[in-house]
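Structure record follows, encoded as structure tokens.
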There are 2 protein chains.
Amino acid sequence: MQLDERKMKILQAIVRNYLETGEPVGSRTISKYTDLNLSSATIRNEMADLEELGYILQPHTSAGRIPSDKGYRLYVDTMMREKENEVSRMQEMLLEKEEKMETLLKKVAKVLAANTNYATMISAPVVRGNKLKFIQLSRVDARQLVAVVVIEGNIIKNTILNVEEEIDDETLLKLNILLNTNLNGLAIDQINLAMITMLKQQAGIHSQIISDVIDAVADAIRSDEDLEIYTSGANNIFKYPELSDQQKASDIINTFEEKELLAALAADNLESEQSQEIQVYIGDESKVASMKDCSVVTATYELGEGMRGTIGIVGPKRMDYEKVVDTLKNLKEQLDTLYKIT
Amino acid sequence: MQLDERKMKILQAIVRNYLETGEPVGSRTISKYTDLNLSSATIRNEMADLEELGYILQPHTSAGRIPSDKGYRLYVDTMMREKENEVSRMQEMLLEKEEKMETLLKKVAKVLAANTNYATMISAPVVRGNKLKFIQLSRVDARQLVAVVVIEGNIIKNTILNVEEEIDDETLLKLNILLNTNLNGLAIDQINLAMITMLKQQAGIHSQIISDVIDAVADAIRSDEDLEIYTSGANNIFKYPELSDQQKASDIINTFEEKELLAALAADNLESEQSQEIQVYIGDESKVASMKDCSVVTATYELGEGMRGTIGIVGPKRMDYEKVVDTLKNLKEQLDTLYKIT
DNA sequence: ATTTAGCACTCGATTAGGGTGAGTGCTAAC
DNA sequence: GTTAGCACTCACCCTAATCGAGTGCTAAAT
């Protein structure tokens with residue numbers, strides 16, 4: 001059986017109503033809610049059909065219906081109205097090109113959570129494909145070096161390394177030249193074991209120390225391969241009774257605190273083909289077990305020079321998809337342009 | 001009325017029992033629990049006295065007694081047995097001098113939370129009094145400089161700065177010399193406005209750019225004045241019914257997520273005179289409103305060279321103080337020695 | 001062939017009442 | 001000062017009763 005227009009309208013009404021109230025919605029309500037002018041009995045018949053088709057379900061026999069995941073999915077895919085051109089409430093955020101990206105992202109997560117009343121996460125842009133711009137080894141102390149690496153997008157990495165014996169100025173200079181000529185302009189993910197071995201060989205006679213230095217520099221460059229995640233508003237879930245249950249709340253909070261699972265989610269998202277679009281994961285669709293009762297809406301942003309990250313909003317399945325998608329679109333655009341101007 | 005020895009013993013028994021069970025404890029239980037060989041009636045009389053003195057209270061008329069904050073305080077101050085020399089369960093932690101302090105602290109917070117079943121926080125050591133070891137400005141691009149500052153304790157700070165016009169090698173060298181001769185060896189908190197103005201004057205003719213550079217470097221040095229806080233196991237609070245209440249849980253989780261309040265707590269703690277000791281804050285004593293139903297146990301650790309930070313354990317008032325204090329003492333010692341050896 | 005009115009039915013939620021038991025405070029005896 | 005005894009309190013649990021929103025089905029109306 002295919003969904004005719006009336007069934008669509010009814011399903012849409014059920015979803016809308018449930019999003020607002022959070023309570024199962026009955027046939028009488030729909031009968032009055034829509035402009036279909038049908039009696040509750042007719043609606044009941046249609047609802048029975050919709051249930052059989054798996055779009056809605058009854059929490060218990062004598063209750064109204066609530067949308068199933070399949071129902072939400074259909075709603076999100078085909079029935080959601082776009083709030084085109086409506087001025088976004090996020091406008092007040094006033095993103096500035098702040099000095100530290102970390103600060104900026106934390107702020108975004110926070111404002112987003114405060115504006116939406118959902119939990120938010122945002123992954124720092126991943127730098128894998130970016131190129132090295134600058135490497136420098138300097139002596140701090142007699143036996144201490146500091147290595148500074150600057151990557152496209154002005155990401156700075158550094159590491160302190162202690163050496164057994166002193167390294168003289170000449171060696172230091174040689175090392176600097178060696179590192180720069182060989183690594184400059186390379187992408188991060190090109191710095192693999194083979195590359196490092198090659199470097200070590202070129203360094204030649206310079207024994208163990210050199211080898212250590214190169215290793216340390218390589219390590220510093222490749223550090224943070226796992227996504228850095230910033231979160232905010234995890235406690236917003238307590239605003240939704242269906243998530244405030246002891247066990248569920250604990251699980252969700254834990255997911256937000258540990259962050260590994262969120263990182264996986266973000267990584268998945270970045271690799272997905274449609275990641276240019278806003279994505280909606282309903283219930284189990286997100287593959288994170290603790291979110292089986294949540295919906296996750298994600299967007300991919302780009303901070304120029306190919307550095308992409310993921311923004312995610314986590315809330316109950318009955319989240320206000322229209323508002324969330326709209327807000328995310330807006331935010332994504334702001335972030336995308338933020339670093340493009342300069 | 002002063003507490004005689006018998007009242008002390010009874011109070012102690014009440015606290016011990018309550019810590020274990022989490023249930024109000026009645027006179028009959030105490031009568032059997034202790035070696036005082038007193039009937040429940042006698043205990044009842046004594047308990048009435050203890051209640052009048054404010055050490056215990058009744059949740060409701062026909063229930064047993066639970067310790068009041070004052071009762072807990074007396075217990076912690078005078079009655080707690082030290083688990084001297086018992087092998088600490090934290091031994092498995094195997095702290096290593098990991099490359100990154102951030103990683104180390106996150107790990108400590110995590111392991112501590114997993115071991116104690118309470119929520120944990122740890123503040124990164126504050127560097128205010130530490131001295132600058134090394135400053136270097138380098139050119140990355142034609143119009144881009146990177147400033148790297150190394151501080152005692154091997155803390156590295158850096159910043160990228162964009163300049164309007166190119167700075168030639170000679171100017172760069174001069175700037176480097178200027179910065180190093182003037183700032184090296186100074187403590188962070190000595191780099192104030194007067195200092196910076198003085199520097200700018202010394203730079204003399206070199207116009208706006210130089211001034212900008214100096215400002216940026218000064219900013220980088222003084223960044224992170226607010227304490228960095230790492231937390232773990234916030235969801236452990238769900239293991240204690242008295243904290244799992246919707247409102248309380250939300251408040252506590254929020255405190256752990258926002259971190260500002262925790263930072264304030266850590267800062268308070270660092271400035272307190274007795275901060276060398278393990279500190280116990282019961283209920284309102286901690287001044288963080290959301291923790292009025294919790295106890296907070298803190299320790300100050302020192303990572304050599306005067307860098308001190310705070311570790312905190314947050315749990316219900318009926319937390320296992322003995323175990324927690326013991327564990328913290330142990331951990332504190334491990335951290336204190338960790339960086340001393342080298 | 002749809003739609004609708006009517007009605008019996010279901011079942012979660014709420015309320016009320018009764019019993020239980022842990023624990024108390026008080027009194028009188030030891 | 002201590003203890004046995006006893007009446008009393010009150011949270012907690014269980015059960016039954018009631019309520020009401022909402023359903024599914026049937027039969028009549030369109």
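Quick note: numbers below take in every heavy atom, side chains included, and nothing from hydrogens, waters or symmetry partners. Sequence lines set the chain letters: A, B, ... in the order given, protein chains first and strands last, and positions in each chain run from 1.
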Between B:Glu242 and B:Lys248, is there a side-chain N and carboxylate O pair less than 4.0 Å apart?
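Not counted as a salt bridge, because no side-chain N and carboxylate O are separated by less than 4.0 Å.
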Residues B:Glu322, B:Arg16: salt bridge by 4.0 Å N-O rule:
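Looking at B:Arg16 together with B:Glu322, the answer is yes, because their closest N to O distance falls below 4.0 Å.
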Between [atom2] of [N] and [atom1] of [X], the distance in whole Å:
| X | N | atom1 | atom2 | value |
| --- | --- | --- | --- | --- |
| A:Met47 | D:dA21 | CE | P | 16 Å |
| A:Gln58 | D:dA21 | CD | P | 16 Å |
| B:Asn17 | C:dA22 | CG | P | 15 Å |
| A:Glu23 | D:dA21 | CD | C1' | 11 Å |
| B:Arg65 | C:dA22 | CZ | P | 17 Å |
| B:Glu46 | C:dG25 | CD | P | 13 Å |
| A:Leu57 | D:dT23 | CG | C1' | 15 Å |
| A:Asn45 | D:dA27 | CG | P | 15 Å |

Which pair of heavy atoms, one from B:Ile253 and one from B:Ala234, lies closest together, and at what distance?
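That would be CD1-O, 4.1 Å.
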How would you label the contact of [X] with the nucleic acid (heavy atoms, under 4.0 Å): base, sugar-phosphate, or nothing?
| X | value |
| --- | --- |
| B:Ala41 | base |
| B:Thr42 | base |
| A:Ser40 | nothing |

By nearest atom, which of the nucleotides C:dT4, C:dG12, D:dT23 is closest to the A:His60 side chain?
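Closest nucleotide among those given: C:dG12.
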Of the listed nucleotides D:dT2, C:dC7, C:dT3, the one nearest the side chain of A:Arg44:
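Among the listed nucleotides, the one closest to the side chain of A:Arg44 is C:dC7.
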When you match B:Thr61 and B:Asn37 each to their closest nucleotide on DNA chain D, which lands nearer the 5' end?
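Counting from the 5' end, the first nearest nucleotide belongs to B:Asn37.
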Within less than 4.0 Å of OP1 or OP2 of C:dT4, is there a side-chain N or O belonging to A:Arg28?
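The answer is no; no side-chain N or O of A:Arg28 sits under 4.0 Å from OP1 or OP2.
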Distance-only donor-acceptor test (3.5 Å): side chain A:Ser62, base C:dT10
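Such a pair exists between side chain and base.
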Tell me whether the centres of the aromatic rings in B:Tyr118 and B:Tyr240 are closer together than 6.0 Å.
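Distance test on ring centres: under 6.0 Å, yes.
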Check: A:Glu46 side chain, A:Lys7 main-chain N or O, donor-acceptor pair, under 3.5 Å:
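No, the answer is negative, given that no donor and acceptor are paired below the 3.5 Å cut-off.
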